[in-house]
> 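Pasting a structure here, questions to come.
Only this structure's heavy atoms are used, side chains among them; waters, hydrogens and symmetry mates stay out. FYI, the numbering just counts along the sequence from 1.
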Amino acid sequence: MITYFRNFAKSKWAAGLFALIILSFLVVGAQSDIFANLGPRHIISAGDRSVDSGQFRADFERVRANLQEQAGRPVSYDDMVKENLHQQYLDSQTQRLGFLDWAYKAGIRPGKELILAQIRKIPAFFNQITGQFDKDLYAQALAQQNLTSEMLEDDLRDQYVTAHVGSAVFAGLQAPRVYAALLAGQALETRDGRWFSVTQAMAGRAGAPTDAQLTAFMKENEARLRSPEFRMISLVLFSPGPNDARPAITEEQIKERYEFRKAALADPEKRTFVTLTVPTKDAADKIAADLRAGKAPAEVAKANNIQLGDYKATPQAAVGDPAVGAAVFGLAADQVSAPIQGRLGFTVAKVAAIQAGEAVSLESARAAVVQELQAEAVKAATYAKVEQFEKARQEGKNLADAATAAQARVIQLPPFTEQGQLPDGQPMNAPRQVLESAYALSKGGESDVIDAGDGQYFAVRLDEIRPSALPTLDEVRAPLGQQWTMRENARLLSAKAEELAGRIRAGEDIAKVAADAGAQLTVRTAVQQSRESQAQVGDGVLRGLFGQSKGQVFSGQQAQDSFVVGRVDAIHAADPAQAAPLAEQARARLTEELANTMADRTIAAAAARTKSRNDPALALQALGVEAPAAPAAAPAAPAKK
């Protein structure tokens, strides 16, 4: 069974499902709602599991944040809907929740011990210094993702369910040998053929394009040539500039802050100790007795098959479980604690050494205190400017005059698109709120103060709008002419190759056709589908030889400026002695593909069994996005009389 689990973990099925489960930990929090019929409409309904509008919007917002981080630019809900990402997300989550609901009702329910053991294995929850599980890091990591411990446990429980069902699908599965034999036979099959190259010189070259031809070519490529809309704004900055002096801090302020922060700035008492955690109090009592009897902690941990928590010079604040920390820092050196009931079981601790804390002097803390006070002063000065600016606006002053009254800076940003790209295609480093505000204003419009977080405030005036437009012919004549010439040359080349291939199909000998075209005929036997053959004869020849039957003619592009015309003369079957070992190797890959397909069908069937469904219209409503316009229907044909 362990082998099956290992094989399953390497399969695409496992990778896809585990990625989905991990993504659900970071992005999606599935919820269970047994009062679905009494509450609001649900966007996703899958048996006893459902997702309402608020949850869907929060989940999709996390997906959007991840996309923005990957793309390095703002991504709007409208952009995602245009790419149909909302529907893909809906469908994947509907099937996932339906499958998990079916599995729960089928009795596949991992025990709590398995979930706790899995939590202890997540690297993000371990202290990088001590290497031990850190409950504070655990709580912080969950808080950063707006998750609770219950939500994490639910996700890990779902992961166990998925792995369990997946291993059952994978275990014992073997693709039929005949499938692998077909692949091996095809891979080792060889072919004989003759071919020649058709060059641009044989086909002729296009002349210089006329203005009419270029205008028509521009019309054909209008979508690619049209420039996006650009906007230019004046941006009000309330924070100090790079050349502004730092706020002055008095000695009295420094001393007052030092007295207030002295305890926090001091080097705290540290202790070196070990912990042993077990699920039950009885087991903890036995461990405490063994330690008091003089047994080594490592020996006791090994005897109980548990991991020893080893803390070196650790302050109380760094102990993840507050109950354990309080107990440890109440012990004397070499003392063993009674069983401590913590978050994840019962812990027994033994203190090895105690390092007394040290107070920090004013001089040693001065730099940190001054930096802290200056940062606070900057934020206070920034907010004071914001208040002065808003007061001036309320008095009727425009953005520029209000900025002057508040002693704020006004800068002009270069033109940028709605996605935050500059004319050269590079991203502009500006907060998302500034971009959204700029594209929400009309020309000459001025925004309210924008809070971008972390003490950063802005205000925007839209100075100019450069609408999306096609360039003039003179602006793109040279590159457009080059592209037109390349297209026409390719058309002439393709037509010439097809003409020569047509002569061979009509019965002319390929050697005569090649001679008439001034081309050299290549004759090869026993060509095999391999990288070596591809490098020797070219991709176009290989596609042609193995894409046609015996006696058939092929024609296709060989390089950017040449085509190939050829004929398949003979087909030789693979040698069984060579094909058999290859078939066995291919069988493993086929088995994996078959397992992936079966797993997909299992998920789909389970979702169908729970009658899982989603409401795309309600999803768009939750996102505040209008449904994409449906394509116009074709006019009805007139009725025949």
> Is there a side chain to side chain contact (heavy atoms under 4.5 Å, CB included) between Val198 and Val564? Walk through the geometry before answering.
CA-CA 6 Å; Val198 182; Val564 63; over 6 Å; no
> Can you name the residues that form a side-chain hydrogen bond (donor to acceptor under 3.5 Å, both in side chains) with Glu436, not counting sequence neighbours?
Arg432
> Taking it one step at a time, do Phe563 and Gln558 satisfy side chain to side chain contact (heavy atoms under 4.5 Å, CB included)?
CA-CA 5 Å; Phe563 267 61; Gln558 176 78 339; 5.9 Å; no
> Any donor and acceptor pair, going by atom type alone, linking the side chain of Ser447 with main-chain N or O of Val460 inside 3.5 Å?
yes
> Which donor-acceptor pairs under 3.5 Å do side chains of residues 509-523 form with protein atoms, sequence neighbours excluded?
from	atom 1	to	atom 2	distance (Å)
Asp509	OD2	Ala511	N	3.1
Lys512	NZ	Asp516	OD2	3.0
Asp516	OD2	Arg503	NH2	2.8

> Within the 3.5 Å criterion, strictly below it, is a donor on Thr610 or Asp101 matched to an acceptor on the partner's side chain?
no
> Out of curiosity, Leu441 CG to Ile233 CD1, how far, rounded to the nearest 0.5 Å?
9.0 Å
> Who are the side-chain hydrogen bond (donor to acceptor under 3.5 Å, both in side chains) partners of Arg601, not counting sequence neighbours?
none
> For Leu85, which of Val75, Val63, Leu67 qualifies under side chain to side chain contact (heavy atoms under 4.5 Å, CB included)?
Leu67
> Residues in side-chain hydrogen bond (donor to acceptor under 3.5 Å, both in side chains) with Arg64, at least two apart?
Glu61, Gln68
> Quick one: side-chain hydrogen bond (donor to acceptor under 3.5 Å, both in side chains) partners of Ser76, sequence neighbours excluded?
Asp79
> Do Asp91 and Gln87 have side-chain N/O donor and acceptor atoms under 3.5 Å apart?
yes
> When you check the side-chain N and O atoms of Asp59 and Gln55, is any donor under 3.5 Å from an acceptor?
yes
> Please, which pairs that meet side-chain hydrogen bond (donor to acceptor under 3.5 Å, both in side chains) have at least one residue in residues 194-203, sequence neighbours excluded?
Arg194-Asp569
> Does NZ or CZ of Arg543 fall inside the cone over Phe554's six-membered ring, less than 6.0 Å from its centre and within 45° of the axis?
no
